[in-house]
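Below: the structure, in structure tokens.
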There are 2 protein chains.
Amino acid sequence: MGSSARRHAHLHTRFTLDQILARLRSAGMRITKGRQQILITLLNAKRPLSLHEIQDAASQGSGAPDFTTVFRVMNTLEKMQLVQQVHLNRASRYYELLNPEEHHDHIVCTECGRVTLMVEACPVQAYQRTIERRYGYADLKHSLEFFGKCPECK
Amino acid sequence: MGSSARRHAHLHTRFTLDQILARLRSAGMRITKGRQQILITLLNAKRPLSLHEIQDAASQGSGAPDFTTVFRVMNTLEKMQLVQQVHLNRASRYYELLNPEEHHDHIVCTECGRVTLMVEACPVQAYQRTIERRYGYADLKHSLEFFGKCPECK
DNA sequence: ATACATGCAAACATTTTGCTTTGGC
DNA sequence: GCCAAAGCAAAATGTTTGCATGTAT
């Protein structure tokens with residue numbers, strides 16, 4: 001493959017670890033080893049992760065946070081709007097880091113479970129404001145997942 | 001309120017009970033009292049229901065299907081694409097009947113949990129074909145939910 | 001009569017909470 | 001040293017399976 005594929009690749013404008021840690025600090029939270037491991041795991045993730053996956057990955061280094069810790073940290077990060085749940089129609093919950101500017105959606109294969117990240121601009125983003133006005137809701141976020149058969153499975 | 005509100009109300013082009021029963025029959029499935037109760041419950045539902053809610057509602061009449069039955073029937077209906085899961089960020093799964101032509105999405109209040117059905121044309125529907133081609137997926141369905149503060153809670 | 005479907009009970013998975021101990025500030 | 005956070009254990013909740021019995025066809 002040449003550079004044409006790469007030309008379409010978008011810049012992942014993600015939070016940096018330091019930016020997130022600064023947010024935690026300014027919220028009066030403490031920077032523990034476990035939290036750092038979890039955040040590094042999320043930063044490296046190429047797809048949404050379950051709590052167990054986060055714990056496993058975060059335990060590679062020296063930290064090895066307890067499952068309960070992962071559970072509580074993820075709850076906190078979700079409330080702080082630093083992470084988001086992604087619905088993959090599986091038994092457990094999946095999380096991903098929320099990017100400050102960019103929003104992307106997912107395609108999930110109904111056969112093999114594979115998750116593809118969509119790189120185009122989200123078609124819903126533009127409607128959000130209109131919907132807020134029409135239905136009187138405020139602070140709208142959304143969650144959009146596509147389900148179908150991936151190239152391999154179809 | 002005058003008729004102006006009603007003017008925007010759309011026709012709920014839903015399956016009829018008989019249509020669904022015909023589909024079950026042609027799939028070689030048997031028409032039991034429990035299944036009928038469940039389907040009637042889904043037809044009357046004004047919002048997505050959990051398995052327990054379906055069981056409770058379906059037990060009003062004489063049928064009273066067991067929870068396991070509800071679980072299995074819903075799984076089957078989902079595979080048959082007659083119902084769909086809706087993600088409300090709650091502990092359990094919620095289901096709704098899938099309409100043959102019309103597709104609608106939901107707005108969920110993050111404070112009180114209230115669910116509002118959206119009546120406009122779904123902005124994603126139009127993109128689905130494009131996405132199928134671009135990513136090589138087939139038979140795409142999607143799930144779109146908005147989360148925010150409802151008029152009462154904001 | 002013959003499967004298919006149900007009900008019941010038990011297993012399983014995941015999420016959540018209580019409480020004691022640890023460690024960041 | 002103080003108090004938030006972690007770890008551990010146990011409970012609560014929700015989902016799924018096995019098997020004997022019932023029932024639609």
Practice problem: Measure from the side chain of A:Ala91, starting at C-beta and using heavy atoms only, and say which of D:dG14, C:dT14, D:dA6 lies closest. | Solution: C:dT14

Quiz item: Just how far, in rounded Å, is P of C:dA3 from CD1 of B:Ile31?
Solution: 19 Å

Quiz item: When we call it a touch if two heavy atoms are under 4.0 Å apart, what does B:Thr32 touch: a base, just sugar-phosphate, or nothing?
Solution: sugar-phosphate

Self-check item: Near-ring test B:Phe67/B:His52, centroid separation under 6.0 angstrom
Solution: yes

Quiz item: Counting only heavy atoms not in A:Tyr127, do more than 12 fall under 6.0 Å of its OH?
Solution: no

Quiz item: Got a donor-acceptor pair under 3.5 Å from the side chain of A:Arg30 to the base of C:dC25?
Solution: no

Quiz prompt | For atom OH of A:Tyr95 and atom P of C:dT15, their distance in whole Å | solution = 7 Å

Quiz item: Between atom CG in B:Asp66 and atom C1' in D:dT17, what is the gap in whole Å?
Solution: 13 Å

Quiz item: Taking CZ from A:Phe67 and C1' from C:dA13, how many angstroms apart are they, rounded to a whole number?
Solution: 10 Å

Quiz prompt | Atom-pair distance (CE on B:Met29; C1' on C:dA3), nearest Å | solution = 14 Å

Quiz item: How do B:Arg25 and B:Asn75 order along DNA chain D: which one's closest nucleotide is nearer the 5' end?
Solution: B:Asn75

Quiz item: With ring centroids as reference points, do A:His87 and A:His106 lie under 6.0 angstrom apart?
Solution: no

Exercise. Would you kindly confirm whether A:Leu98 and A:Ile20 end up in one hydrophobic cluster when ILVMFWY residues are joined by side chain heavy atoms under 4.5 Å apart?
Key: no

Quiz prompt | Nearest-angstrom distance from the residue atom CG of B:Leu24 to P of C:dC4 | solution = 15 Å

Quiz item: Nearest nucleotide by nearest heavy atom, which residue falls closer to the 5' end of DNA chain D, A:Val73 or B:Arg93?
Solution: A:Val73

Quiz item: Reckon B:Thr68 touches a base, only the sugar-phosphate, or nothing at all at heavy-atom distances under 4.0 Å?
Solution: base

Quiz item: C:dA10 P sits how many Å from B:Phe71 CZ, rounded?
Solution: 18 Å

Exercise. May I ask you to say what B:Arg72 touches in the nucleic acid, namely base, sugar-phosphate or nothing, with a heavy-atom cut-off under 4.0 Å?
Key: base

Quiz item: Can you tell me if A:Arg35 uses its side chain to pair, donor with acceptor, with the backbone of A:Arg30 under 3.5 Å?
Solution: yes

Quiz item: Between atom NE2 in A:His52 and atom C1' in C:dT15, what is the gap in whole Å?
Solution: 9 Å

Quiz item: Side-chain N or O of A:Arg35 less than 4.0 angstrom from OP1 or OP2 on D:dA5?
Solution: yes

